[in-house]
Engineer: 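The structure under discussion is supplied below as structure tokens; questions concerning it will follow.
Below, read A as the first sequence line, B as the second, and so on, with proteins coming before strands; counting in each chain starts at 1.
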Amino acid sequence: MENCMIPTAAMKLLPSDITEFLETINVFPDEIRLRIGRPVTLTSGSKSVITNSRPITNCDLETVVSRVFRNSLHSFSEQLCSGYMTCEGGLRVGFSGTASSQGGKVENIRNFSSVNIRIPREIKGCAVPIFENCLKTSPSSLLMCGAPSSGKTTFLRDLTRLCGSLYRTSLIDERGEIAASSLGVPYNDTGMLTDIFDSYPRKAAIETAVRVMSPQIIVCDEIGSADDLLSLEYAVNSGVKLICTCHCTDIESLYRKPNISKLLKAGVFEHLVSIAEHRIVKIVPLADRYD
Amino acid sequence: MIELLGALFLAAAGLYTGMTALNDLKIKERQLKEVVGIVERTGIYLSSCRLTTAEIFARLSHENTCYSDLFTCTGTEPAKETSAQMRVSGLAYCTEFADYLEDLGSTDLEGELAKNRLFTVEAKTALGQAEDKRKKYSRIYPAAGLSAGLTAALLLL
């Protein structure tokens, strides 16, 4: 395991023979994908590597899912229905299978067919240019946008660490991806002044944070729903600055997202940051844009 | 004189055997009461506290019951580990209890609560049967033991 490029936390989830096989692979993956009847696939950046492992069986997937949910599906019903679970070490494990649904809402999942273990990357210092530009002198609100897997969460994690070293920061970690808390202890460095609201529903977390933690900055990942709109406006009206991310390929298309567009027009954000392929594409001060 | 002593010894041995058989029934009944208590508390831990399987077992291992030690687990698969220990424990209802525990955590909350209710009913039925049996044999076993002992003593004399 010493030279293995896959974190131990991820290895612990896999069947032992697959673990032994992956130890021999010389790839530093972002994702480990298991699909029933097919060999293990590793994703690194935009490349997918199909390994020559044995085909994954139904039993393998059941083992992985059982370990992901700590042999306690009953304790994680919401996560089961939402299709992902955050595990030790900040791993985000997504899965697909056959859903039982009622009224358009997933009530249970059985016959798991695919599992995707996403390995988080904590890159300290990657968000320094954003921090220096927008937040060094005083708290300010900013929105980071980028396509899925562009690295938004990595930048947000580092920005939280930087803000949390200077300002009272409340991190709304709905999916447990940013702090990767286990038993209340964050696995990632989120800064000395950061309070973490782990796995809270976002609306409740923002309202609680404003009421009880008097934050200078609230950090949220992947905003965009109508509920977010109300709670974020509530936070801003309470004098709190926001650092958020949202899925969007570029800054222009942000204005085509109805809820985000409302927040932008209301002047909630002072800076927009565009992220692509794990790089900062541009930082736009919104005052300039309105001019 | 020796024959009289031997006869007395045989009668006492018969009575002792009868009392031991009755005591076994009492122990089984007490253990079944503990099983019912454990399963009912598991139901509470599942529904109110939403504890994970490992957390439930950790709580049960700190209780003062015959089964507590079996809930101490060190591995990553507590349900299987505890179930295996339970199966070879020799305690009352251990096979059925092991089957229930082996499956704990494999379904969502609704499923676990349904399984818990079903197992509680089964354990309570077994407890009821054990109580009836103990009541039925509470006089019979000592009397039968004593009678057998006396008969053997008379035959000896």
Engineer: Under a 4.0 Å threshold between the charged nitrogen and the carboxylate oxygen, would K124(B) count as salt-bridged to E40(B)?
Structural biologist: yes
Engineer: Can you tell me which portion of E62(A) sits under 4.5 Å from chain B's heavy atoms? Options are side chain, backbone, both or neither.
Structural biologist: neither
Engineer: Given the options S106(B), C49(B), G111(B), which has more heavy-atom pairs under 4.5 Å with chain A than any of the others?
Structural biologist: S106(B)
Engineer: Under a 4.0 Å threshold between the charged nitrogen and the carboxylate oxygen, would E29(B) count as salt-bridged to K133(B)?
Structural biologist: no
Engineer: Using a strict threshold of under 4.0 Å (side-chain N to carboxylate O), is an ion pair present between R157(A) and E177(A)?
Structural biologist: no
Engineer: Select one option (side chain, backbone, both, neither) describing which atoms of R67(A) are under 4.5 Å from chain B's heavy atoms.
Structural biologist: side chain
Engineer: Do the side chains of R202(A) and D227(A) get close enough for a salt bridge, i.e. N-O under 4.0 angstrom?
Structural biologist: no
Engineer: Does any backbone or side-chain atom of E77(B) lie under 4.5 Å from a heavy atom of chain A? Answer side chain, backbone, both or neither.
Structural biologist: both
Engineer: Does R70(A) make a cation-pi contact with F76(A) (under 6.0 Å, within 45 degrees of the axis)?
Structural biologist: no
Engineer: So for L113(B), is it side chain, backbone, both, or neither that comes closer than 4.5 Å to the heavy atoms of chain A?
Structural biologist: neither
Engineer: Tell me, for E78(A) versus chain B, whether the close heavy atoms (under 4.5 Å) come from the side chain, the backbone, both or neither.
Structural biologist: side chain
Engineer: Under 4.5 Å from any heavy atom of chain B, what part of N71(A) do you find: side chain, backbone, both or neither?
Structural biologist: both
Engineer: With a 4.5 angstrom heavy-atom cut-off, is it the side chain or the backbone of T52(B) that approaches chain A, or both, or neither?
Structural biologist: both
Engineer: With no hydrogens and no angle check, do the side chains of T20(B) and T17(B) hold a donor and an acceptor under 3.5 Å apart?
Structural biologist: no
